[in-house]
Amino acid sequence: MKRTIIVSLIFLFSVIIAVIGYRTFWMDSDPDASSTMTAEQTAQQKAEAEARARAEAAAEAQRLAALQARQEAEAAAADLARQRTDAAAETARLATESEATRLAAVEATRIASEKAAREAEMKRLAEAREREAAETAAARDAALNKLSAAELTKREEVDREAARLAALKAQEDREAALAAAKRNIELLNRDIMSLDMKRRPHYYLNIFIENSRRLEAGATPAE
C-alpha cells in the first residue's frame, strides 16, 4: 500500500513539473507575449505558477496522505476484525477441544466404572459358585459321613447282636452240656446236719466243691 502512495506522489510531481515546463516553454515560444510582458510580470507569473503547482502538490499530497491514513485505518480495522475472528475461532476450537476432552473423560470414567462393576459382579458370582460348591461338597461329605456312621452303627449293632446270640448259644450249649453231664455224673449227697455242729459249713463247702469239680470234669469232653 505504501508503495502505491509513493508511486502516486512521484507521478503527481512529474505532472506538476511537466505543467510548469509546458507553460514556461509556451511563454518562451510566443514572441509577442514576450515583448509585451515585462520581466517583473514574467517572474510573477512563474511564481504564481509555482505556487499553484506547490498548492496543488500539497493538496494532492494531503489527499494522498488522507487516503493513506484511511487505507491504513481500514487495513488496521480489517486486521483487527481478522484477529477477532481468529481469536473467536481459536476460542471456539479450544472450547470444542475442551468439550471433547471432557466428554472423553466422562466416557472413560463410564467405561472404567462399567468394567469395575462387571469385574465385581464376576468376582461375586465366582465367589458365590465357590461357596455353593464348598457347601455342596460339605453337605455331601456330611451325608456320606452320616451314612457311614449309620452303617458303622448298624454293623456294630449287628456284630453285638451276633456276639450276643453267639454268647447265648454258647451259654445254652454249656447249660445243655452241664444238664447232660448231671444226668451221667454221680454227685455227692449232703447229709443234713444241725446248726450247732461246728463242721457243718466246711462239710457243705467240700460237698459243693466236689460236685462242681465232677460237673466240670464231666462237661469238658462235651464242649
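Quick caveat, the model's predicted, so the values are computed rather than measured.
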| Can we say K154 and E157 salt-bridge, meaning some charged N sits less than 4.0 Å from an Asp/Glu carboxylate O? | no

| message | Check R110 with E107, please: is the shortest side-chain N to carboxylate O separation under 4.0 Å? | response | yes

| field | salt bridge (charged side-chain N to carboxylate O under 4.0 Å, His left out) between R124 and E121, intermediate numbers included | value | CA-CA 5 Å; R124 187 188 66 80; E121 182 64 15; 2.5 Å; yes

| Do D159 and R155 meet the salt-bridge criterion of a basic N to acidic O distance under 4.0 Å? | no

| request: Would you check if the side chain of S98 reaches a backbone N or O of L94 as a donor-acceptor pair within less than 3.5 Å? | output: no

| request: Decide, yes or no, whether a salt bridge links K123 with E119 under the criterion of side-chain N to carboxylate O below 4.0 Å. | output: no

| field | Main-chain N/O of T109 paired to S113 side chain as donor or acceptor, under 3.5 Å | value | no

| Residues forming a side chain to side chain donor-acceptor pair (under 3.5 Å) with E127, sequence neighbours excluded | none

| Distance (rounded to the nearest 0.5 Å) between T96 OG1 and E90 CD | 10.5 Å

| Measuring from L67:CG to E72:CD, what's the distance to the nearest 0.5 Å? | 10.0 Å

Listing, residues 134-147 side-chain donor-acceptor contacts under 3.5 Å, not counting sequence neighbours, or none:
unit_1: T136; atom_1: OG1; unit_2: E132; atom_2: O; d: 2.7
unit_1: N145; atom_1: ND2; unit_2: D141; atom_2: O; d: 3.0

| field | Note: R164-E161 ion pair, threshold 4.0 Å (strictly below) | value | yes

| Which distance, rounded to the nearest 0.5 Å, do you find between the CG of D79 and the CZ of R84? | 11.0 Å

| field | Nearest-0.5 Å distance, CG of residue L152 to CD of residue E156 | value | 4.0 Å

